[in-house]
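Notes to accompany the following structure.
Lettering follows sequence order; numbering is per chain, from 1. Here the structure is a predicted model, which is why all the values come from computation and not from measurement.
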Protein chains: 2
Amino acid sequence: MSKPTISDLARAAGVSVTTVSHAFSGRRRVDPETSKRIHALAEQMGYHPSSMARALRSGRNGTIALASSMPFAVAAGPSRLGFLMEIAASAAISALTRDLALCLIPPHPAGKGYASVGFDGVILVEPMRDDPLVAHFEQRKTPIVSVGTVPGRPDIPAVDMRSGETAAMLLDHLARQGCRHIAALIGSAPRTSQIEAEAAFRTLAASPDRLLKLSEEEGEEIGYRETLRLLRDDPSIDGIFAAVDAFASGAVRAAHELGRVIPDQLRIVTRYDGLRAKLSQPPLTAVDLHLPAVAEAAVHLLFDRIEGTSRTVAAELPELVVRQSTAVC
Amino acid sequence: MSKPTISDLARAAGVSVTTVSHAFSGRRRVDPETSKRIHALAEQMGYHPSSMARALRSGRNGTIALASSMPFAVAAGPSRLGFLMEIAASAAISALTRDLALCLIPPHPAGKGYASVGFDGVILVEPMRDDPLVAHFEQRKTPIVSVGTVPGRPDIPAVDMRSGETAAMLLDHLARQGCRHIAALIGSAPRTSQIEAEAAFRTLAASPDRLLKLSEEEGEEIGYRETLRLLRDDPSIDGIFAAVDAFASGAVRAAHELGRVIPDQLRIVTRYDGLRAKLSQPPLTAVDLHLPAVAEAAVHLLFDRIEGTSRTVAAELPELVVRQSTAVC
DNA sequence: GTAGGGAAGCAAAACGATTTGCATGAATGC
DNA sequence: GCATTCATGCAAATCGTTTTGCTTCCCTAC
């Protein structure tokens, strides 16, 4: 009474398993009459081809993984919940349209490797330079695609997040709004987004002493602490560029606490336009990174790569979303 | 040069495949010397047992699915991003500690079924009465566990979210804070959480005309519109119980617009203590649903079910988180 | 000296599909 | 009438493991 197999079905239909297989795959002609009979019988018996047997034969199991080098507990906590999970949700949809299932894989929760499932490919979200995940999957010969290039590894296909341009856009906006003394809160992990944000800041703002590199894992709290210190040390600061949205939340809190009015006395912008930016009081000017499109591009790239080809693709240029934190004219 | 198989390894080590298999699984004794040699060679050759072959043999592929009957585009949009994805992230971690990979599966994105991958089990998040997902997986004989019981299906193992108690807790809090005229914004989909919230409201508040059932898919917008209407129609309302956090966000916006001061003139509470509740101005009193524990329980239950046993488990009792929206004494 | 038992390892049969090469019969061409 | 082609279907090999019996071989006990 357990799940019927292809031979059960073949026997019931009075044909060979070959014929049944062809009736389903369409790889060879089978008489329409026969085919119809097979399908009807399959429906009735509740036959579904075993994905595992198919996987063994074809070498593909139809799953791709989404991994972030940032611990899920952090990435999925209030802090980064938006970014990673927004990509995850979109990628899951994109994957399914290509008959792939998207698996979420936290980094080494048990300290060990995850050997149990072999994925057809993996999407790495904002990997760091020398990210152990890259080494891990390369060793297993699993095709990799990253969201945000892998620093130092131009050979790995990626969706270029255009973080340099994004940062420039935000800094330019602050300048146009009249900011003369801009401070930057940038994540200390060596991810392309943060590296390029730093480079852009150094080029455009040129006040290296107002550049703070903070641990992303400490999120809002460290953003708050450091902004407090920053504003006390140098009251002339009139703009803050936060490359991580949690830092921006912290900055807003600090500003309120010091009685600095946003945006009149202090303008704040952040990169990712997530719930934090939208719900902040006042709402934060941020950048629409077109994450659903990015996720789709990543899945597309990975799919191509699994099939053989390989290249890097650029995301649509992120768009500035001006909000009250920098004063609309 | 392609991936080495167990027979390649066996040949290289000068033993049979059986011995290699045993050396890895430990199901039977192999000489420690031999075993060491095999493992060393495996390491050197980069051998990893094929998960697909193992899956075919064992009947398990090591993946479980997480599905929500609410379209991912909605569930993962700003509106419900928190709830579903918070569970997803925690479940992914719990799953991996049991050597399972968690797949995110959006409902019918291409309109078709998802036949490509067969899961060892599935976790349904807040399913509705007669949810098509239940039928789908039951037909495929895939073990099901749900987060929040399935209305009308006490036979399906579930993590009981204790939504009745949760609602009672919130209503009781409002009453204690002095609210006399409470309105409820409840999702119209027949999910246990909403059904029980409605029942609790009818029992405790007893003003059926102030009970509004709204489409969850319209989120904040409909919460806003309806609250506006509600407060205009009946200015005596001094408390709002929103069973969906997006409704609460809308209610806050409406209150601001009408110049109703929160919490002095109007108190607002919501169920899920996500980013919305925390970042709201003022922050919303909500309930800590202990989602990571819920996710862990669901995975645990599913794991047991895959192995054979079956039962329903109750979540830890949710805890009230009092915030400014209802005035702390 | 022989029976008994444990250690170590091997060959072969699953698991459930896909795919290749071959067989059959009927239709067609000349 | 014979060769060719096409349509249909089948048997068997294959994918890479796990698992079940069987051999050996060696050691100990009586």
Looking only at the side chain of [X] (C-beta and beyond, no hydrogens), which of the listed nucleotides [options] gets closest?
| X | options | result |
| --- | --- | --- |
| A/Thr18 | C/dG16, C/dT20, D/dT18 | C/dT20 |
| A/Thr5 | C/dT18, C/dA17, D/dC10 | C/dA17 |
| B/Ser16 | C/dC10, D/dT17, D/dC10 | C/dC10 |
| B/Ala53 | C/dG16, D/dT17, D/dC10 | D/dT17 |

Exercise. D/dT17 phosphate, OP1 or OP2: any side-chain N/O from B/Ser7 under 4.0 angstrom?
Worked result: no
For this session: May I ask you to evaluate whether A/Ser50 reaches the phosphate of C/dG16, defined as a side-chain N or O under 4.0 Å from OP1 or OP2?
Result: no
Nearest whole Å is fine: how far is [N] [atom2] from [X] [atom1]?
| X | N | atom1 | atom2 | value |
| --- | --- | --- | --- | --- |
| B/Arg60 | D/dG16 | CZ | C1' | 19 Å |
| B/Arg54 | D/dT19 | CZ | C1' | 14 Å |
| A/His22 | D/dA11 | NE2 | P | 13 Å |
| B/Leu9 | C/dC10 | CG | P | 12 Å |
| A/Arg57 | D/dG16 | CZ | P | 10 Å |

Problem set entry | Partners passing side-chain hydrogen bond (donor to acceptor under 3.5 Å, both in side chains) against A/Arg129 (at least two apart in sequence or in another chain) | none
Problem set entry | Residues within residues 25-37 of chain B bordering DNA chain C, heavy-atom distance below 4.0 Å | B/Arg28, B/Arg29, B/Val30, B/Asp31, B/Thr34
